[in-house]
Amino acid sequence: MNANTAEYLLELRVPARADRMVVVRDTVRSAARFCGFDERTAQDIVLAVGEACQNVILHAYEGRGGGPILLDILDDADRMILRVTDFGPAVAPTAVQPRALHDLRPGGLGTYFIHALMDSADFGRSPTGVGNVLQMTKKKDPAI
Amino acid sequence: MNANTAEYLLELRVPARADRMVVVRDTVRSAARFCGFDERTAQDIVLAVGEACQNVILHAYEGRGGGPILLDILDDADRMILRVTDFGPAVAPTAVQPRALHDLRPGGLGTYFIHALMDSADFGRSPTGVGNVLQMTKKKDPAI
Amino acid sequence: MTESIREVRGHLVVALGGDIDLDRAPTVRRQLLDCVNRQQDVLVDLSAVTYIDSSGIASLVEALQRATGRGTGLRLVAVSPQALRVFELARLDKVFSIHSDIDAALAATD
Amino acid sequence: MTESIREVRGHLVVALGGDIDLDRAPTVRRQLLDCVNRQQDVLVDLSAVTYIDSSGIASLVEALQRATGRGTGLRLVAVSPQALRVFELARLDKVFSIHSDIDAALAATD
Ligand SMILES: Nc1ncnc2c1ncn2[C@@H]1O[C@H](COP(=O)(O)OP(=O)(O)O)[C@@H](O)[C@H]1O
Ligand SMILES: Nc1ncnc2c1ncn2[C@@H]1O[C@H](COP(=O)(O)OP(=O)(O)O)[C@@H](O)[C@H]1O
């Protein structure tokens with residue numbers, strides 16, 4: 001994970017409300033460009049973070065709003081690291097799995113997208129003991 | 001100031017480094033659009049925050065980098081509130097004044113721009129006692 | 001970003017634009033289902049879509065299911081590159097009929 | 001965003017673009033002063049500038065002062081709306097000679 005050599009790019013805290021997510025997306029797009037990704041890959045990273053935030057709104061806070069979303073972005077030599085933290089009740093990582101694609105069933109796509117778009121995605125408890133963290137990484141050179 | 005009725009839009013923490021400011025600007029532009037400002041006014045707000053961050057980099061941390069910049073944005077009914085906090089040594093608010101415009105002297109423009117672009121700009125100690133805060137507001141309807 | 005609806009040769013053409021995210025998906029869903037309920041073929045123009053996520057996709061899938069159940073059609077036209085990327089990721093680009101423009105979609109149905 | 005320099009009828013034309021902020025101002029400053037030191041008139045094309053702040057403005061003011069001191073000219077051409085706004089704020093729009101395009105700037109000097 002090389003988190004030791006990674007440089008902190010930003011920490012963003014926003015209320016977990018659907019109407020605010022456009023600001024999160026714009027920040028992530030800007031950070032992805034800063035890390036050197038092209039527009040298409042930046043858009044993929046934006047979608048992955050958008051899905052992660054959507055899960056926090058719908059599942060961690062069950063649409064109640066109010067709770068915060070914390071987004072940490074680190075710029076490592078060979079990859080970008082993004083962590084989405086919620087302060088909802090503890091969730092077993094096994095509960096957060098991409099479902100099989102059912103062609104005509106709405107829903108269940110979020111975690112699938114995250115895994116398809118990123119090089120890694122790990123769900124777990126926050127190191128501070130409060131909240132759940134989804135850590136995602138995206139390699140700068142897909143060949144590595 | 002109506003800070004009581006204002007809704008928290010975001011809190012952003014970044015290292016006070018000149019190369020990172022593009023990400024701060026993109027976030028502020030997005031937040032200004034969210035608050036309903038047109039592109040031209042959004043750009044004015046971006047410039048004011050850019051100048052405030054430049055002052056933190058140059059003066060609060062004297063170009064040493066490392067220290068963080070904290071940006072809080074609140075969305076109030078009639079205005080947007082932006083607070084730029086540094087964790088440098090205490091500065092007397094009277095030391096932060098717009099200089100008179102000297103046509104051909106470089107420098108000294110930052111605080112002048114901030115006051116010209118925003119409806120209010122107040123420099124003071126952070127309420128927590130650590131760091132300096134520049135609080136700026138921009139009215140949504142200039143007629144009010 | 002407001003949606004627009006017009007009629008072209010007996011088909012309803014719904015143009016969606018902007019970011020179709022969790023915030024806007026409920027409105028888009030309601031609008032698409034209303035169109036489908038009018039028992040006409042629906043063409044959804046996605047040329048101005050700048051962002052669509054799983055919640056937006058879910059609204060379109062639900063409208064397609066409803067149309068199929070009623071024996072009418074729902075086709076996508078002029079899908080923006082951003083949106084197409086997401087349909088491909090979800091492997092839905094073969095589930096929906098996708099046409100380059102409205103004329104091509106009309107030719108396929110007439 | 002890289003800068004480009006070319007020569008047009010004995011004038012150096014420097015095209016600046018992108019965001020001219022604290023990060024890029026030192027490079028822009030060095031480049032402008034190098035041009036001025038060549039003892040030719042300098043035209044600075046600001047059409048592609050998306051952002052300029054007090055540090056970028058300071059680099060241009062310093063280059064203008066240097067040019068004036070050496071008896072050569074430094075003119076701004078095709079200033080983008082974003083940049084013009086900042087020059088106006090600083091009341092520098094009357095200090096610099098600003099021209100709509102390179103031809104107009106050349107006509108003013110020839
Ligand atoms: N931050 C979270 N907190 C609690 N549960 C979560 C979180 N993220 C994901 N989940 C769980 O993972 C499941 C799969 O999520 P997803 O693939 O996005 O599909 P959907 O959101 O449509 O159910 C969710 O149904 C939920 O139970
Ligand atoms: N965050 C800050 N910390 C310490 N000093 C500051 C800060 N912001 C502004 N100042 C002081 O205010 C002065 C005026 O700033 P400004 O108008 O931007 O001009 P300049 O940065 O060119 O000196 C600075 O020279 C500095 O002494």
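Naming convention: chains lettered A, B, ... in sequence-line order (proteins, then strands); numbering from 1 in each chain. Everything numeric in this text was worked out from a predicted model, so none of it was measured.
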- Item | Which atoms of D:Ile52 approach chain B - backbone, side chain, both or neither, heavy atom under 4.5 Å | backbone
- Between atom CG of D:Leu22 and atom CZ of B:Arg17, what is the distance when rounded to the nearest 0.5 Å? 12.0 Å
- Query: Do the side chains of D:Asp53 and B:Phe113 get nearer than 4.5 Å, heavy atoms only?
  - Reply: no
- Query: How about D:Asp23 and B:Val22: do any of their side-chain heavy atoms sit closer than 4.5 Å?
  - Reply: no
- Message: To the nearest 0.5 Å, what is the distance between CG on B:Leu109 and CG on D:Leu92?
- Response: 6.5 Å
- Is there side-chain contact between D:Arg85 and B:Asp44, with at least one heavy-atom pair below 4.5 Å? yes
- Spacing of CG belonging to D:Asp21 relative to CG belonging to B:Asp19, to within rounding of 0.5 Å: 9.0 Å
- Query: Could you state the interatomic distance from CG (B:Asn55) to OG (D:Ser54), rounded to the nearest 0.5 Å?
  - Reply: 7.5 Å
- Task: Please report the closest heavy-atom contact between D:Tyr51 and B:Leu47, naming both atoms and the distance.
- Result: OH-CD1, 3.7 Å
- Note on the structure: Whatever's closer than 4.5 Å to a heavy atom in chain D on B:Arg20 counts as neither
- Message: Within the structure provided, determine whether B:Met21 and D:Asp19 are in side-chain contact (heavy-atom separation under 4.5 Å).
- Response: no
